[in-house]
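Within every chain, numbering begins at 1; the chains are lettered A, B, ... in the order of the sequence lines, protein sequences first and strands thereafter.
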Amino acid sequence: MEGGVAGNTVPPNSFDKSQVYDVKPLRSLLPVFPGATNGPPFGTAPPNSPFPSGFSPFFPFSPPQGSPSTPVLNQNHFNSTAVPIRSFRADLPTSNGKNVHSSRKRKLAGSSSVKKKVKRSNESELALAALANFKPGISVVEKDDGNRELVETVLMRFDALRRKVSQIEDSKEPHSEVFKHANLKAGNIMLTKGVRTNGKKRIGVVPGVEIGDIFFFRMELILVGVHSQSMAGIDFMPMKGSDIEGERVAVSIVSAGGYEDDAEDPDVLVYTGQGGNANADKEASDQKLVRGNLALERSLHRANEVRVIRGFKDIFHPTSKVYVYDGLFKVQESWIEKGKTGCNIFKYKLVRTPGQTGAFSTWKSIKKWRADPSSRDGLILPDLTSGAESTPVSLVNEVDDEKGPAYFTYVSTVKYPKSFKLVQPSVGCNCSDACHPGNSNCPCNQKNGGDFPYIANGNLVCRKPMIYECGSSCPCFRNCKNRVSQTGFKVRYEVFKTRGKGWGLRSWDPIRAGTFLCEYAGEVLEKVEGQGGEDVENNDYVFHTNRVYESFKWNHETESAGEASSNTGEAFDIPTPLIISSKNSGNVARFMNHSCSPNVFWQPIMYEQNNEAFLHIAFFTKKHIPPMTELTYDYGTPLHTDGMGSYNADHGKKKCLCGSPKCRGYFY
DNA sequence: GCGGGTTCATAATA
DNA sequence: CTATTATGAACCCG
């Protein structure tokens with residue numbers, strides 16, 4: 001993994017000497033820091049904290065056999081022998097009276113489908129039904145009108161449920177009659193339970209939804225009240241009281257490239273009316289001035305604001321789309337023209353209401369940078385990893401004259417000192433090509449308690465005390481999905497100069513919740529009891545597992561009898577504290593700043609290399625993250641009890657500039 | 001590994 | 001209650 005990692009980057013000749021990067025081979029790690037000319041304001045890694053008294057040198061975890069010490073976070077009720085996913089509790093009542101699946105029943109016209117349905121209704125069907133067994137936790141008022149927090153909560157809860165549904169679907173037999181629309185199923189459950197917000201239709205701003213917010217499913221737009229049509233591109237509502245069709249105005253449109261829209265000027269959108277398309281039953285026809293078309297015509301005359309949502313191809317999922325809320329527009333004019341098919345189509349020219357910073361222009365710029373990275377303003381280096389990662393990372397400064405962070409060696413993974421030995425060998429699997437989520441005999445599945453950690457696209461399903469990935473002794477090399485954190489990041493990053501927080505990390509790509517970002521690379525520090533640890537104390541580039549981290553809810557919650565409140569956290573199970581320094585060598589993770597309202601979290605992952613199991617710290621996105629949004633995680637608070645006497649609680653305390661309403665005011 | 005066609009779905013609406 | 005509508009999403013194929 002670390003083999004062959006090149007040294008550093010070669011800067012242009014014009015650089016100030018004190019800031020020049022040296023090209024150094026990995027092996028000759030030297031803590032060479034060219035003059036600290038740029039001061040300390042790097043908001044990156046925190047200084048160290050004292051160890052708990054019980055600290056001892058790292059040793060391996062996770063005996064493979066027997067019961068993993070992994071607490072069970074969900075209701076899945078696994079016992080120590082790790083049962084497959086199909087053994088989801090089947091005894092859960094279909095809460096709230098109504099079985100979710102009743103909505104799935106088809107018209108009984110053709111009786112052939114009935115047989116299949118009955119046949120598979122006892123296993124995963126019941127597992128899916130169990131997912132609907134949770135408290136809505138949304139009041140009537142909140143259902144009608146939202147705010148930022150509600151919008152984020154609803155979206156996070158939806159996606160947690162969607163990933164859980166996907167996980168169950170993934171574990172079914174291949175080629176079985178499968179319902180793959182996990183987003184629809186999750187959405188159906190959310191709507192049935194009333195977990196939504198801004199359900200009251202409105203013209204203009206939707207409380208809690210901001211320009212630039214991204215969505216990956218039309219269902220998400222419905223759930224937070226941006227656009228309530230599941231497929232149609234034009235949403236509308238009656239003007240005051242009157243409910244005659246002619247009195248409805250358009251409230252939002254989705255421009256997703258299905259028609260011949262014009263999308264050059266970011267402040268202007270020429271949108272095609274709906275209808276008239278050919279389908280299996282009928283030929284293309286003239287569009288009619290009804291429904292959405294009529295509503296847009298009314299909006300032209302009433303001059304009301306119309307929300308615009310733009311759809312783009314999702315480069316990580318070429319078959320699906322990512323939607324961006326682009327702000328408020330007004331219909332300026334309309335006309336009829338001949339479409340490709342020769343039939344009449346309506347056209348509507350919408351113009352952005354002044355004073356809004358649209359999101360579309362940013363997306364267009366990124367498209368340009370992607371084609372030609374040197375076109376990025378403020379570019380210092382096209383790839384600060386020097387090829388160590390499969391995806392380049394740009395170094396950019398649009399803020400001041402600083403030519404880059406202090407010297408470090410780029411490495412893509414964490415490195416353990418030789419002295420860390422494995423006590424017990426790790427057991428790999430025998431899966432020939434790839435581990436299948438439904439295979440209960442796979443030891444790697446068993447180590448994960450029967451829950452495959454990732455869905456098919458590589459997104460994390462839920463946080464767990466520990467995740468066990470396949471290692472180097474597993475023969476499933478080529479296609480195994482249980483190696484997400486080992487296959488390198490796919491996100492196109494840039495390291496950029498922030499205002500006041502040193503260097504930071506952000507992405508050109510829109511990122512889904514649960515996406516693997518990177519691991520925390522660097523050198524694992526050994527701390528010998530009794531001896532100092534100056535290497536830790538004065539190091540701003542350190543990751544600690546043994547801090548106090550604010551708990552938060554990310555997993556899908558289900559009620560289950562007898563498991564009352566033990567399910568508070570998604571706490572980790574790390575047998576021995578781990579400290580990683582990225583001061584001398586590290587990866588993009590060392591540039592992630594602290595935030596009290598972070599959009600990224602970390603997750604311990606274990607896998608075996610050369611018969612030794614190692615712990616890695618992997619970062620995943622907490623929610624959907626729009627392009628160019630700074631990536632941040634919670635640095636946590638040091639434990640102040642080291643059992644060895646004096647410790648200054650304020651040591652390393654820094655003023656926090658995260659700007660969150662929940663800001664604690666400082667961080668370490 | 002795309003782009004286009006096919007199939008299976010949906011929520012809101014009339 | 002049912003049919004209709006629609007810029008969906010996943011999958012299949014060449």
Presence of Lys185(A) side-chain N/O under 4.0 Å of dA10(C) phosphate oxygens OP1/OP2: no
Sugar-phosphate, base or nothing in reach of Lys201(A), heavy atoms under 4.0 Å: sugar-phosphate
Lys313(A) vs dC2(B): side-chain N/O to OP1/OP2 distance below 4.0 Å: no
5' precedence on DNA chain B between Pro318(A) and Gln229(A) (nearest-nucleotide basis): Pro318(A)
Derivation and outcome, side-chain hydrogen bond (donor to acceptor under 3.5 Å, both in side chains), residues Lys338(A) and Asn344(A): CA-CA 5 Å; Lys338(A) 292 284 180 199; Asn344(A) 288 340; 2.9 Å; yes
Touch class at under 4.0 angstrom, heavy-atom based, for Gly273(A) against every strand present: base
Phosphate-side-chain proximity, Arg291(A) and dT7(C), N/O vs OP1/OP2 below 4.0 Å: no
Tyr323(A) side chain near dA9(C) phosphate (N/O to OP1/OP2, under 4.0 Å): yes
Nucleotide opposite dT2(C) in a Watson-Crick or G-U pair, distances under 3.5 Å: dA14(B)
Distance test, side-chain N/O of Arg196(A) to OP1/OP2 of dA12(B), below 4.0 Å: yes
Touch class at under 4.0 angstrom, heavy-atom based, for Ser320(A) against every strand present: sugar-phosphate
OP1 or OP2 of dA11(B) under 4.0 Å from side-chain N/O of Asn188(A): yes
His181(A) side chain, from C-beta outward: closest of dG8(C), dA12(B), dA6(C): dG8(C)
Pair partner, dA9(B) [Watson-Crick or wobble, under 3.5 Å]: none
Face-on cation placement of Arg512(A) at Phe316(A) ring, 6.0 Å and 45° thresholds: no
